[in-house]
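Report on the following structure.
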2 protein chains.
Amino acid sequence: MTAPRKTPRQQRSRETVAAILEAAAQLFQRHGYTATTTNKIAERAGVSIGSLYQYFPNKEALLAALAQEHLETATASLIQAFARAAEQHPPLHTLVRDLTQFVAALHTERPALHRLLFDQAPRTPELVTRFREAEQQIAAALADELRRLGVGGPDPEMSALLAVQGVEAQIHGAALDPPPGRTMADCLGAIAGLWTRALAEPG
Amino acid sequence: MTAPRKTPRQQRSRETVAAILEAAAQLFQRHGYTATTTNKIAERAGVSIGSLYQYFPNKEALLAALAQEHLETATASLIQAFARAAEQHPPLHTLVRDLTQFVAALHTERPALHRLLFDQAPRTPELVTRFREAEQQIAAALADELRRLGVGGPDPEMSALLAVQGVEAQIHGAALDPPPGRTMADCLGAIAGLWTRALAEPG
DNA sequence: ACCGAAAATTGAGGATAGCTCGCATTATGG
DNA sequence: CCATAATGCGAGCTATCCTCAATTTTCGGT
């Protein structure tokens, strides 16, 4: 159960919730999930521990709320950037290069939060579901472009989803520990090259 | 700290450690990591809680030991299967198809343990490192074959690593929730097709 | 066979962290 | 202005991880 226990109705309580989430984000990022106690979060937020549990049923729900927020903004910004890039009807290799760079940007912009959610957090079914939904949204946007270009093989939706999943994993790996002797740019270039070839098959 | 606290020297203690790990595996898989208490593990193993902490410094170390065991056997069996498949010097598309099926087998053979390690366990730096090492071993084996076939672009090691990371993520996704209207076999076919094209570029 | 040392086992309990619950305080709206 | 709802509070309950001093078992040398 990670759903909010009670929705704040007054301005005062909305500020309380915001303060709690802000404090949770800071402490989780600085000390990790398990090392952060809910009492410390409440203390830093300037509220009592009772208030915290008024709005969040358990510690995990704090993480779920942060994850949802991050996934929503990240997905939205990525889809927006992708849509802007697609406006000019670029060729496949440009589209793929842009996509990889947008995904890479997610890892460099808020690296601490990103790594918190992907490397430290216990992966609850709810978190996994949210993540899958984000993947599918991005894949849908990519699939549209593949269809427009007449590529992506007989099943562009499937190809798009596999591309999103693959690019995510590859860039995460490159950001975590890039192969010796290769820069991040090398990795991005290789990833873009691979996927341009992989997706080039006519529909 | 997940390193063993003390290495068992007598037969008796080796059996104790084995019983603890067996109990931990069962309970973790049945009830999840956090819901399993160390006292329950000791109880099911038929030893006292003190004995458990004689050999494992903390709860996390139990998971790390299970993870190391699973990763080692999985990596070894995958590399062995891959080597056997490569003996007959097959073409690229056969090699890629075999690789995807071997990886898929890891997800179907011991699904509970696999999902435990990938979806529930808190990802400690040590676990992440072990996982990276396994990836690199498999990638090295694949890179050899790419070189033999004269494919994989200018940097076959990089291509191989990206392929291993990508295939792992895609098959994990397909096993977790396959796209609507597609069977697992559809997914495997699509994955193999994509990577055959991606890796086909001459060196 | 015997003995001292090392290895192994034990389980009550300390320390700590997640979470509850009854009460106090503040806001709302009629 | 007051009844009601919303919000805030924090001591303390409960459960879990882990320690430690005492006990039992095994081993190696004589």
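A note on names: the letters A, B, ... follow the listed sequences, proteins ahead of strands, and every chain is numbered from 1.
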Interface residues of residues 47-54 of chain A with DNA chain C (non-hydrogen, below 4.0 angstrom):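 Only A:I49, A:Y53 qualify.
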Starting from [atom2] on [N], measure out to [atom1] on [X] and report it in whole angstrom.
| X | N | atom1 | atom2 | value |
| --- | --- | --- | --- | --- |
| A:K59 | C:dA17 | NZ | P | 9 Å |
| B:E15 | C:dA7 | CD | P | 18 Å |
| A:N39 | D:dA11 | CG | P | 11 Å |
| B:R9 | C:dA7 | CZ | P | 6 Å |
| A:E43 | C:dA17 | CD | P | 12 Å |
| B:Y55 | C:dA7 | OH | P | 10 Å |
| B:N58 | D:dT16 | CG | P | 17 Å |
| B:I20 | C:dA8 | CD1 | P | 12 Å |

Phosphate OP1/OP2 of [N] contacted by [X] side-chain N/O (<4.0 Å):
| X | N | answer |
| --- | --- | --- |
| A:T38 | C:dG18 | yes |
| B:R12 | C:dA8 | no |
| A:T16 | D:dG8 | yes |

Side chains of [X] and [Y] in contact at under 4.5 Å (non-hydrogen atoms):
| X | Y | answer |
| --- | --- | --- |
| A:T196 | A:L95 | no |
| B:F82 | B:I138 | no |
| B:L52 | B:N39 | no |

Cation-aromatic face contact A:K59/A:Y33, 6.0 Å, 45 degrees: yes
Contiguous Watson-Crick or G-U pair runs (3 or more, under 3.5 Å) in DNA chain C: C:1-30 with D:1-30
Any donor-acceptor pair under 3.5 Å from A:R14 side chain to A:R9 backbone: yes
Short side-chain to backbone donor-acceptor contact, B:R182 and B:P180, under 3.5 Å: yes
Parallel, tilted or perpendicular, as decided by the 30° and 60° cut-offs, for the rings of A:H114 and A:H172: tilted
Geometric class of the A:H107/A:F118 ring pair [parallel <30°, tilted 30-60°, perpendicular >60°]: tilted
Earlier contact from the 5' end, DNA chain D, for B:A35 and A:Q10: A:Q10
More than 12 heavy atoms from other groups under 6.0 Å of CZ on A:R148: yes
